[in-house]
Chemist: 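I'd like to ask you about the structure that follows.
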Amino acid sequence: MLIYNSATRKKEEFAPIEEGKVRMYVCGPTVYDNIHIGNARTFISFDVIRRWLITSGFEVTFAQNLTDVDDKIINRANEQGRTAAEVAEEFSKKFINVMHAANVMDPDVRPRATKEIGPMIGMIKTLIEGGYAYAADNGDVYFAVRSDPAYGEVSGRKIDDLMVGARIAAGEAKRDPLDFALWKAAKPGEPSWKSPWGEGRPGWHTECAAMVHRYLGCPIDIHGGGSDLAFPHHENECAQATCAWHEGFANTWMHTGMLLVDGEKMSKSLGNFFTLEEVLEKHSAAALRLLMLQTHYRSPLDFSWERLAGAENSLARIAGTVKNLVWAAHHAEGAAAAELAASLGAAVDAAKAEFERQMNDDFNTAGALAAYFQLVTDANTYLDQAGSAVDADAATGAAASIAGAFKILGIEFPEPEEELPVGLLGVAGGLCAYTGDDVAEAAEQILTARAEARAAKNWDVADAIRDQLRDMGLVIEDTAAGSRIKHV
RNA sequence: GGCGACGUGGCCAAGUGGUAAGGCAGAGGCCUGCAAAGCCUUUACCCCCAGUUCGAAUCUGGGCGUCGCCUCCA
């Protein structure tokens with residue numbers, strides 16, 4: 001399996017530290033507002049990466065933090081006249097809920113910054129003792145960037161290049177403009193904790209480093225996040241961790257490409273964002289995931305509603321094929337055509353092999369999807385050609401293969417055998433004289449009545465049946481293996 | 001200004017040396033009583049210029065353009 005390591009800028013053969021096990025960490029959200037779909041892209045990307053590692057046989061431990069203390073949370077709380085803890089709690093819950101809605105797996109560990117203050121203080125103490133950090137008179141503690149000779153290796157920068165434009169903001173007590181806060185002295189009214197340097201709270205970069213160390217142990221196999229976090233966040237995390245513990249921090253750094261709107265990065269500050277919640281009100285999580293996975297995770301992705309609608313169409317076609325395969329398997333009659341079944345089996349094997357090849361090449365989901373789009377076409381062709389002589393095992397196998405592959409991508413289809421509405425009984429009397437209470441039986445008899453009408457060239461009757469069902473949100477689909485009633 | 005990424009058909013997109021996957025949209029055809037669904041066909045001088053090579057979308061140099069990071073940011 002090849003994974004692109006953004007620290008070395010090369011694809012590398014992935015070899016976990018501990019045989020068969022992967023420890024990975026992906027920076028979570030600061031819970032001051034609803035997340036937007038740009039944030040979601042990163043979480044969905046790593047969800048798929050994690051699923052593929054699990055599918056490949058690795059025992060994956062996945063940790064993701066919630067940053068529940070931060071300037072933005074405090075600001076939001078002040079705006080709304082609430083406590084920072086209330087704001088953090090609200091948006092923590094909302095984040096977890098919307099991740100579920102997007103079919104993103106829960107992390108194995110979800111630490112919260114405010115519950116990790118002790119370990120963070122311990123880490124800062126170690127850094128000061130080691131000569132890597134210093135406490136300023138104002139109660140802040142800063143990391144001395146120039147004390148770390150490896151600083152810049154994660155994001156590929158040189159300290160001297162960073163000097164231009166670096167400034168010391170008002171109220172800061174840095175010795176060097178590049179130094180960053182490990183601990184921030186509390187201002188009046190802010191949430192704070194006791195420390196050797198007075199009341200204060202941890203800096204953002206400090207949280208992740210301490211949580212990685214505590215819950216996964218250093219070094220970890222994979223550290224991920226959006227590409228906008230590479231510098232300074234990840235660089236700073238790494239500097240702290242390596243200087244505090246001298247054990248290394250992360251073997252592979254993975255960064256996802258930015259989600260764009262009209263060619264510009266989606267962000268809260270630009271105001272050009274759509275929240276994940278609102279997108280999922282209008283479209284399925286499956287379609288959003290499909291849209292995202294049709295682009296490589298490292299490339300920028302320009303979002304548009306048109307593209308999302310296109311993904312919805314693709315998804316409907318795939319879901320339809322899976323349903324039709326299952327249905328055809330259940331309604332197979334007579335001897336199956338062996339040669340056709342064998343070629344379908346070969347198509348399934350080819351899709352699976354290509355899917356694996358693509359996923360093992362730095363999680364090339366776009367290429368992997370193409371393999372299964374091909375199988376969808378092959379399966380549809382099979383259904384056309386086999387007619388009622390469907391090989392139930394071959395059709396079931398193809399359906400399972402398609403559904404299984406998409407499930408690895410977190411894209412799940414509705415249950416194949418959807419219940420038809422009870423309302424069908426209400427019209428059955430008029431359409432086919434059926435008066436029982438079995439919906440499936442009513443559907444059968446309606447189809448029979450239509451078939452008889454068509455055989456008698458009684459088009460008005462046949463079309464009336466179709467029209468009436470359409471008014472109920474149902475459609476009659478005539479396939480090579482026979483007719484059936486489906487939801488639109 | 002510094003660092004990095006990218007520029008492939010109407011839209012999106014995979015593809016890092018051997019004559020261009022796939023998706024969406026459009027058009028035509030097959031199937032159908034007519035439809036729907038499905039299938040088939042259909043459009044590429046791979047941003048420009050030069051170079052390396054028997055051969056380049058793929059490598060090198062230059063140009064033009066776009067995006068990201070350098071400040072909070074997934």
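Below, chains carry the letters A, B, ... as their sequence lines are ordered, and counting in each starts from 1.
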Chemist: Could you tell me which nucleotide pairs with rC6(B) by Watson-Crick or G-U wobble geometry, both distances under 3.5 Å, or answer none if nothing does?
Modeler: rG65(B)
Chemist: Could you tell me which nucleotide pairs with rG1(B) by Watson-Crick or G-U wobble geometry, both distances under 3.5 Å, or answer none if nothing does?
Modeler: rC70(B)
Chemist: When you measure from the side-chain N and O atoms of Ser299(A) to the phosphate of rA14(B), is any distance below 4.0 Å, counting only OP1 and OP2?
Modeler: yes
Chemist: Tell me what Gly225(A) touches on the nucleic acid: a base, only sugar-phosphate, or nothing, going by heavy atoms under 4.0 Å.
Modeler: sugar-phosphate
Chemist: Looking for any heavy atom pair under 4.0 Å, which part of the strands does Thr321(A) touch: base, sugar-phosphate only, or nothing?
Modeler: nothing
Chemist: With heavy atoms under 4.0 Å as the rule, sort Leu291(A) into base, sugar-phosphate or nothing.
Modeler: nothing
Chemist: When the C1' atoms of rA44(B) and rG10(B) are considered, how many whole Å apart are they?
Modeler: 12 Å
Chemist: Tell me what Thr381(A) touches on the nucleic acid: a base, only sugar-phosphate, or nothing, going by heavy atoms under 4.0 Å.
Modeler: sugar-phosphate
Chemist: Find which nucleotide of RNA chain B each of Glu264(A) and Gln374(A) is nearest to by heavy atoms, and output the residue with the more 5' nucleotide.
Modeler: Gln374(A)
Chemist: Just call it for Asp71(A): base, sugar-phosphate, or nothing, with non-hydrogen atoms closer than 4.0 Å on any strand.
Modeler: nothing
Chemist: Determine which nucleotide pairs with rA50(B), using a 3.5 Å limit on both distances of a Watson-Crick or G-U wobble pair.
Modeler: rU60(B)
Chemist: Using 4.0 Å as the upper bound for N to carboxylate O, is an ion pair formed by Glu190(A) and Arg201(A)?
Modeler: yes
Chemist: Students often get this wrong, so: under 4.0 angstrom with heavy atoms, is His296(A) touching a base, only sugar-phosphate, or nothing?
Modeler: sugar-phosphate
Chemist: Say we look at rA13(B) and rC24(B): how far apart would their P atoms be, to the nearest angstrom?
Modeler: 16 Å
Chemist: Roughly how many Å is it from CG in Leu290(A) to C1' in rG22(B), rounded to a whole number?
Modeler: 11 Å
Chemist: Mind calculating the distance between CG (Leu301(A)) and C1' (rC6(B)) to the nearest angstrom?
Modeler: 14 Å
Chemist: Taking the same atom, C1', in rA74(B) and in rG62(B), what whole-Å distance lies between them?
Modeler: 36 Å
Chemist: Between Asp108(A) and Arg50(A), is the closest basic N to carboxylate O distance under 4.0 Å?
Modeler: yes
Chemist: Taking the nucleotide of RNA chain B with the nearest heavy atom to each, does Leu270(A) or Asp361(A) sit closer to the 5' end?
Modeler: Asp361(A)
Chemist: Using the C1' atom as the point on both nucleotides, what is the distance between rA21(B) and rC64(B), in whole Å?
Modeler: 29 Å
Chemist: Rounding to an integer number of Å, can you tell me how far Asn272(A) CG sits from rC67(B) P?
Modeler: 13 Å
Chemist: Taking Ser6(A) for the side chain and Arg9(A) for the main chain, is one N or O donor matched with an acceptor at less than 3.5 Å?
Modeler: no
Chemist: What integer number of Å spans the P atoms of rU60(B) and rG17(B)?
Modeler: 12 Å
Chemist: Assign Arg454(A) to base, sugar-phosphate, or nothing according to its heavy-atom contacts below 4.0 angstrom with the strands shown.
Modeler: base
Chemist: Does Asn364(A) place a side-chain N or O at less than 4.0 Å from the phosphate oxygens OP1/OP2 of rG15(B)?
Modeler: yes
Chemist: Does any nucleotide pair with rG26(B) by Watson-Crick or G-U wobble geometry, both distances under 3.5 Å, and what is it?
Modeler: rU42(B)
Chemist: On a whole-Å scale, what distance lies between the C1' atoms belonging to rU71(B) and rA57(B)?
Modeler: 38 Å
Chemist: In whole Å, I'd like the distance from the CE atom of Met292(A) to the P atom of rA14(B).
Modeler: 15 Å
Chemist: Ion pair present between Lys184(A) and Asp71(A), side-chain N to carboxylate O less than 4.0 angstrom?
Modeler: yes
Chemist: Please report, rounded to the nearest Å, how far the P atom of rC31(B) is from the CG atom of Asn380(A).
Modeler: 19 Å
Chemist: Just name whichever nucleotide pairs with rG33(B), Watson-Crick or G-U, keeping both distances under 3.5 Å, else none.
Modeler: none
Chemist: From C-beta outward on Glu477(A), which listed nucleotide comes closest to its side chain: rA74(B), rC72(B), rA37(B)?
Modeler: rA37(B)
Chemist: Name the nucleic acid region contacted by Arg307(A), choosing base, sugar-phosphate or nothing; use a 4.0 angstrom heavy-atom cut-off, strictly under.
Modeler: sugar-phosphate
Chemist: Given the C1' atoms of rA56(B) and rG18(B), what is the spacing between them in whole Å?
Modeler: 9 Å
Chemist: When rounded to the nearest Å, what value does the distance between P atoms of rU19(B) and rG33(B) take?
Modeler: 45 Å
Chemist: Using the rule given for side chain to side chain contact (heavy atoms under 4.5 Å, CB included), can you reason through Met258(A) versus Asp228(A), listing the C-alpha separation, both sets of side-chain angles and the distance that settles it, and then say yes or no?
Modeler: CA-CA 8 Å; Met258(A) 293 294 101; Asp228(A) 53 351; 3.5 Å; yes
Chemist: Where does the angle between the aromatic ring planes of Phe180(A) and His205(A) fall among parallel (under 30°), tilted (30 to 60°) and perpendicular (over 60°)?
Modeler: perpendicular
Chemist: Is it the case that Lys323(A) places NZ or CZ above or below the six-membered ring of Phe413(A), under 6.0 angstrom from the centre and within 45 degrees of the axis?
Modeler: no
Chemist: Name the closest nucleotide to the Arg317(A) side chain, picking from rG38(B), rA14(B), rG68(B).
Modeler: rG38(B)
Chemist: Please classify the nucleic acid contact of Gly320(A) as base, sugar-phosphate, or nothing, using heavy-atom distances under 4.0 Å.
Modeler: nothing
Chemist: Under 4.0 Å, counting only non-hydrogen atoms across every strand here, what does Lys265(A) touch: a base, just sugar-phosphate, or nothing?
Modeler: base
Chemist: Please give, in whole Å, the distance from rA74(B) P to Tyr25(A) OH?
Modeler: 12 Å
Chemist: So, do Phe43(A) and rA74(B) meet the stacking rule of ring centres under 5.5 Å and planes under 30°?
Modeler: no
Chemist: Between the side-chain atoms of Asp478(A) and the base atoms of rA36(B), is any donor-acceptor pair under 3.5 Å?
Modeler: no
Chemist: If the cut-off is 4.0 Å, is Asn313(A) near the phosphate of rA25(B), judged by side-chain N/O to OP1 or OP2?
Modeler: yes
Chemist: Specify the separation, in whole Å, of atom CG of Leu308(A) and atom P of rC24(B).
Modeler: 14 Å
Chemist: Base, sugar-phosphate, or nothing: which does Lys486(A) touch, judged by heavy atoms less than 4.0 Å apart?
Modeler: nothing
Chemist: The side chain of Ala366(A) is closest to which nucleotide in this list: rC70(B), rG23(B), rA13(B)?
Modeler: rA13(B)
Chemist: Looking only at side-chain atoms of Arg450(A), point me to the closest of rC34(B), rG4(B), rG68(B).
Modeler: rC34(B)
Chemist: One thing to verify: whether Asp463(A) and Arg450(A) come together as a salt bridge, which I'm taking to mean a side-chain N less than 4.0 angstrom from a carboxylate O.
Modeler: no
Chemist: Record whether the side chain of Arg466(A) comes under 3.5 Å of the base of rA35(B) through a donor-acceptor pair of N or O atoms.
Modeler: yes
Chemist: Pick base, sugar-phosphate or nothing for Asp463(A), based on heavy-atom distances below 4.0 Å to the nucleic acid.
Modeler: base
Chemist: Without decimals, in angstroms, what is the distance between Lys268(A) NZ and rU71(B) C1'?
Modeler: 18 Å
Chemist: With Lys352(A) as the cation and Tyr372(A) as the aromatic partner, state whether NZ or CZ is under 6.0 Å from the six-membered ring centre and within 45° of the axis.
Modeler: no
